[in-house]
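One structure is given here, and the rest of the page talks about it.
Everything numeric here is computed off the predicted structure, so don't read it as measured data.
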Amino acid sequence: MSWTADPQALEQLRQIFRGTLSTNNQERRLANDALQQAKLQPEIENYLFDLLVLDNTAKSDIRAAAGINLKNSILKRDGGNNTNAVVNRQYLLDNILKGLTSNDNMVRNITGNVITSLFSIYGIEGWPTILPNLLELASIQTNHGSTHHQEAAMGALSKICEDSYLELDKEYRGERPLNFLIEQFLKLLENPNMNERIKAQAIHCINQFIPLKTQSFLVVIDVYLMRLFELATTLNDQVKKNICTSFLLILESRPDKLKPHLDGVINYCLHLMQQDSNNEEVSLAACEFLLALCTSTTTDQDKEIFINKLKLILPILLEKMVYSDEEIFLMEIADSKDDADIADKDEDIKPQNAKGKDARTSNGTTTNNNNTTTTTTLNGGISSARGSDDSDDSDDDDEDEDDDDLDIDQWSLRKCSAATLDVLSENFPGEVLLVTLPILQEKIVSPNWPVREAAILAFGAISSSCIELSRDKLPTLVPFLVDRLHDAEPRVRQITCWTLSRYASWVSEEAHEGGEYANYFQPTFQSIVSCALDKKKVVQEAACSALSSFIEESDSSLIEFYLEPLLQHFAKCFQTYQRKNLIILYDCVQTFVEKMGYDNLSAKPEYINTLLPPLLNKWEILNDNDTGLWPLLECMASIAATLRELFAPFAIPVYERAMKILSDCIQLDQQCHTDPSIEAPEKDFMVTSLDLIDGLIQGFEHHSVDLIQQQQPTSNLMELLIICLEDYNADVRQSAYALLGDLSIFVLDPIVKPYLHSIFLGIGNEINNRTYSTYPVYNNAIWALGEIIMRIPFQEVESYMSNLIDLLIPVLNSSDIQSTVLENAAICLGRMGLNGGAKILAPRLSEFIVNWCSQFIYLVDNSEKETGFTGMLNIISMNPDQGFGGLSNTQQGKKNFARLLSCIGNYNEPGQELQHLFMDLIQNYKVLLGDDGWRNQVLSHVDPEIRNKLQLIYGA
């Protein structure tokens with residue numbers, strides 16, 4: 001398409017961009033207003049393109065500004081793979097490649113981003129020439145040795161492969177673009193004259209497709225591995241880094257292909273970790289492969305490879321756990337500004353996510369379902385998050401992001417080495433100790449603090465091995481670590497807190513069981529408590545986290561002794577801690593309150609008077625839109641649930657504010673869908689508000705009806721809750737269903753009943769639309785359904801029952817669903833038989849009785865199990881024979897009934913009424929089946945120990 005810019009208009013646009021970059025506020029404001037007007041012109045994208053690509057007279061910053069605006073315009077304007085859209089941008093599509101041949105590095109990079117944006121809209125079908133053209137440009141070698149255009153073309157291809165890898169693996173008109181792409185990438189790797197930076201990018205492109213296990217890659221995997229082995233001797237760092245990433249991805253997707261070469265690959269990675277010590281990216285990629293390999297080591301053959309290599313691997317890992325010179329330099333700068341009395345800046349506080357209401361388990365408690373990748377809470381310790389395979393695109397400056405390259409808390413070679421040591425210690429405890437202990441015993445007393453610190457970190461990483469096989473070393477190690485809490489170096493004190501937390505189970509066990517070293521608990525615990533008021537914030541954070549670990553690991557009787565001192569200690573921490581460490585403190589207080597429980601905390605009025613004022617002070621200081629509220633709301637929720645009526649003086653204002661935050665968030669969320677100028681609220685405000693309301697409901701139980709009704713009708717909890725049950729955010733729905741379940745337990749009739757229709761539809765949709773990742777949500781939905789269904793007359797739920805059963809039975813019979821979901825589904829189906837639902841379930845009993853028994857046989861004895869079992873006995877009574885698949889005339893039916901008997905025999909303490917029901921069921925079936933059928937065809941399938949128990953208790 002031919003198009004020519006109006007020179008006057010182009011000059012005017014050039015002047016506008018000069019103005020937008022001016023240091024004069026007035027000039028910049030006028031220029032931005034003019035730019036907004038210019039963007040309304042139909043040909044603005046062509047003008048922006050000319051400024052970016054063709055205008056060699058303009059400065060780089062003006063061309064870059066034009067390019068960034070062009071990219072944003074492409075993404076915001078009328079995209080879509082339709083004829084008109086393609087025609088309107090034909091000038092761009094025909095000429096954009098020229099930008100990749102520019103002499104200006106910034107122009108080349110931004111052109112690559114523009115190409116990626118165009119491809120994301122038009123794809124293969126709308127822009128079929130782009131991939132062949134980019135590959136052709138990447139292959140053209142110039143006589144004068146410049147590779148700028150090749151690298152720019154490969155950079156654009158890298159971005160396309162990163163963003164559109166799924167689209168490239170689809171068929172278009174009988175052909176799969178990925179076949180062609182991978183073939184061309186391999187040719188680039190084979191070419192001995194090709195620049196190594198191009199080869200690095202070609203490997204990066206291929207790496208995007210390895211996890212897909214696509215046939216396009218699998219047919220050439222052997223050839224690709226040979227290319228990698230040939231390139232392994234390269235001097236180019238990016239090639240080496242991307243080769244290691246390839247090995248890792250192949251290990252995760254097709255380990256069988258890598259296993260024959262494993263010995264050589266391990267040696268290669270160890271060589272890179274030692275030889276490339278000046279390039280942490282290469283060493284990190286090599287170490288990440290070792291981490292993935294030891295994590296996936298399962299067979300004896302795999303273990304044999306590792307055992308033979310441990311003497312080589314472990315010393316290298318220990319060496320790489322020492323802070324680098326650059327990290328030490330950055331820490332010295334950070335620590336000079338880390339005094340406890342220096343307020344945190346907003347940029348110092350990384351974004352926090354609310355933990356949310358955990359999924360309900362079948363015993364009525366909660367279990368954490370947050371998918372985290374860290375193995376500890378300490379930034380200086382271990383984190384197992386793996387970095388991505390970044391393309392070599394260091395000049396991409398169209399994104400206005402903070403530079404995290406100097407962040408000492410990010411994933412690093414040190415952390416990866418420690419995580420690898422941790423996993424190896426789990427897999428080969430004896431062998432790891434044999435190699436590491438002699439080295440660490442020397443290093444841990446080093447006068448060089450980074451060496452000393454790394455040795456302490458390593459002792460934390462191998463803690464499980466030490467506790468299991470080297471307990472004789474712990475009586476010496478633990479006091480030494482306690483002494484190191486007074487080390488002059490803050491980073492040594494920091495890591496020592498973390499390492500001691502890894503040995504909390506041993507210290508607590510010795511004290512609780514009156515072991516030989518029971519007297520270790522007091523000095524260890526008190527030293528950590530003291531460290532939580534350290535003058536350095538990094539040490540405070542580590543100590544507070546370690547204190548949580550000790551509280552959690554210890555028997556409550558040990559912590560009770562420190563109840564009052566800990567409360568006073570927390571009060572001092574609230575006076576001292578800045579915003580960042582308050583997050584850790586809230587979590588520690590929550591752990592403490594849950595461990596102590598109502599009985600301990602209610603023993604003296606001064607306990608509550610010491611605990612609550614600091615929290616309520618923070619509660620009053622923080623604004624409703626302050627993200628610092630999230631951890632505070634979570635902490636308050638736990639405290640309200642634990643303190644029960646002791647929280648009554650604060651309940652009304654706390655409830656009203658939680659409702660206000662929830663209501664405002666919902667209102668703002670609805671408004672932003674119709675008004676783009678309104679920024680969407682953070683969903684975590686909704687999550688934490690719901691959790692706090694839930695904590696109040698759990699605490700006040702049946703009395704919470706007064707709390708709820710005193711604010712209606714100005715703010716109706718159930719109406720807000722129904723909206724939350726339909727929210728697109730899974731965390732919101734998860735917390736909403738947890739609250740629904742507790743409301744159903746305590747205030748079903750006055751609060752929940754009027755909304756049953758919407759509730760049942762919501763639960764049905766949640767189960768029907770379930771995915772693997774949303775299991776915490778539909779697990780809570782099923783749990784809440786069970787709580788409702790057992791408390792409501794059958795006639796009020798009859799019209800919904802069949803549909804809900806149709807949804808629940810497939811869940812219970814699934815083989816790829818988490819166990820807690822299966823348990824809740826079994827309980828819910830059982831409870832459906834309590835109030836008249838048995839007549840609907842009875843004809844379908846044979847469809848799920850086997851899996852129902854599989855879930856109930858080892859279920860914890862509690863009220864949920866009891867109600868589920870009682871309802872199931874009602875169901876069985878309405879279909880005593882065919883419910884088991886033909887009990888009277890088939891062997892399978894008798895085996896199925898034997899499973900039920902095993903469940904009864906494993907029930908240790910059924911209530912008196914349920915015990916009578918078990919007795920009646922057993923006696924009735926003995927009569928039905930006769931002595932021979934009962935003994936030889938049913939009881940013979942029951943474990944002898946359980947059979948004896950059934951005989952003793954129920955006369956079986």
Inset, instruction - Measure across P475 and W506 and return the closest heavy-atom pair with its distance rounded to 0.1 Å. - result: N-CH2, 4.1 Å

Legend entry - D335 backbone acceptor or donor facing K536 side chain under 3.5 Å: yes

Legend entry - Side-chain (T867) to main-chain (E864) donor-acceptor, under 3.5 angstrom: yes

Inset, instruction - Return yes if a side-chain donor-acceptor contact under 3.5 Å exists between S446 and N448, otherwise no. - result: no

Inset, instruction - Step through the shown structure and confirm whether more than 12 heavy atoms of other residues, nucleotides or ligands are within 6.0 Å of CZ on F480. - result: yes

Legend entry - Atom pair OG1 (T295) and CD (E426), whose distance is rounded to the nearest 0.5 Å: 10.5 Å

Inset, instruction - For residues C287 and L317, report the shortest heavy-atom separation together with the two atoms involved. - result: SG-CD2, 4.1 Å

Legend entry - K865/F856 under side chain to side chain contact (heavy atoms under 4.5 Å, CB included): CA gap, chis, key distance, verdict: CA-CA 8 Å; K865 180 175 181 178; F856 259 70; 3.9 Å; yes

Inset, instruction - Test D487 against every option in R452, R493, Q494 by the side-chain hydrogen bond (donor to acceptor under 3.5 Å, both in side chains) rule and name the one that passes. - result: R452

Legend entry - Side-chain touch P614/F570, heavy atoms, less than 4.5 angstrom: no

Inset, instruction - Find the distance between CG (L500) and CZ (R484) and round it off to the nearest 0.5 Å. - result: 11.5 Å

Legend entry - Interatomic spacing from OG in S863 to CD1 in I745 - rounded to 0.5 Å: 8.0 Å

Legend entry - Quiz item: cation-pi between R657 and Y655, 6.0 Å / 45°: no

Legend entry - Electrostatic pair E509-R471, nearest N-O below 4.0 angstrom: yes

Legend entry - Pair D534-Q540, side-chain donor/acceptor within less than 3.5 Å: no

Inset, instruction - Examine R414 relative to Y323 and say whether NZ or CZ is less than 6.0 Å from the centre of the six-membered ring and inside a 45° cone about the ring axis. - result: yes

Inset, instruction - Give a yes or no on whether E552 atom CD has more than 12 heavy-atom contacts from other residues, nucleotides or ligands under 6.0 Å away. - result: no

Inset, instruction - Count the heavy atoms belonging to other residues, nucleotides or ligands that lie under 6.0 Å from CD of E442, then report whether that count exceeds 12. - result: no

Inset, instruction - Give, for atom CZ of F647 and atom CD1 of I639, the distance between the pair rounded to the nearest 0.5 Å. - result: 7.0 Å

Legend entry - Donor on one side chain, acceptor on other, S505 and E553, under 3.5 Å: no

Legend entry - Near-ring test W630/F685, centroid separation under 6.0 angstrom: yes

Legend entry - L566 side chain near L547 side chain, heavy-atom distance below 4.5 Å: yes

Legend entry - Side-chain donor or acceptor of E645 paired with backbone N/O of F700 under 3.5 Å: no

Legend entry - Heavy-atom closest pair, residues K320 and S417: CB-OG, 3.3 Å

Inset, instruction - For the pair Q578 (side chain) and A340 (backbone), establish whether a donor and an acceptor sit closer than 3.5 Å, ignoring hydrogens and angles. - result: yes

Legend entry - Any L485 side-chain heavy atom under 4.5 Å of I528 side chain: yes

Inset, instruction - Please tell me if the side chains of C466 and K473 come closer than 4.5 Å, counting only heavy atoms from C-beta onward. - result: no

Legend entry - L743 side chain reached by L739 side chain, heavy atoms, under 4.5 Å: yes

Inset, instruction - Return yes if some donor-acceptor pair links the side-chain N/O of T499 with the main-chain N/O of I456 below 3.5 Å, else return no. - result: yes

Legend entry - L740 and N780, any side-chain heavy atoms less than 4.5 Å apart: no

Inset, instruction - Please state whether the rings of F525 and Y562 are parallel, tilted or perpendicular, taking 30° and 60° as the class boundaries. - result: tilted

Inset, instruction - Taking all heavy atoms of L622 and all of L629, pick out the closest pair and write down the distance. - result: CD1-N, 3.9 Å

Inset, instruction - Before accepting this row, confirm whether a basic side-chain N of the pair R579/D626 lies closer than 4.0 Å to the acidic partner's carboxylate O. - result: yes

Inset, instruction - Answer yes or no: is there an ion pair linking R502 with D422, defined by an N-O contact shorter than 4.0 Å? - result: yes

Inset, instruction - Please determine, by modelled atom types, if N908 and K949 share a side-chain donor-acceptor pair under 3.5 angstrom. - result: yes

Inset, instruction - Kindly determine whether F650 and W619 satisfy side chain to side chain contact (heavy atoms under 4.5 Å, CB included), including the steps that lead there. - result: CA-CA 11 Å; F650 320 98; W619 168 265; over 6 Å; no

Legend entry - Point-to-point distance, once rounded to the nearest 0.5 Å, from OG1 of T688 to CD1 of I693: 10.0 Å

Legend entry - Under 3.5 Å side-chain donor-acceptor pair for E594 and S638: yes

Inset, instruction - In sequence, state the C-alpha distance, the side-chain angles, and the governing distance for Y907 and L859, and then conclude on side chain to side chain contact (heavy atoms under 4.5 Å, CB included). - result: CA-CA 8 Å; Y907 205 139; L859 210 59; over 6 Å; no

Legend entry - Main-chain N/O of D555 paired with H512 side-chain donor or acceptor, under 3.5 Å: no

Legend entry - Test: K618 cationic atom under 6.0 Å from F574 six-membered ring centre, within 45° of axis: no

Inset, instruction - Test L474 against Y517 for side chain to side chain contact (heavy atoms under 4.5 Å, CB included), laying out the working first. - result: CA-CA 10 Å; L474 301 187; Y517 304 102; over 6 Å; no

Legend entry - Beyond-backbone contact of L477 with Y503, side-chain heavy atoms, under 4.5 angstrom: yes

Inset, instruction - Indicate yes or no: at least one non-hydrogen side-chain atom of F550 is less than 4.5 angstrom from one of T524. - result: yes

Legend entry - Non-hydrogen atoms of V482 and P523 that approach each other most closely: CG1-O, 4.2 Å

Legend entry - Closest non-hydrogen atom pair, I661 against S689: CG2-OG, 3.2 Å

Legend entry - Under 3.5 Å donor-acceptor, S545 side chain and E541 backbone: no

Legend entry - Flag, side chain of D339 to backbone of I342, donor-acceptor distance under 3.5 Å: no

Legend entry - R491 to W449, cation-pi by 6.0 Å centre distance and 45° axis angle: no

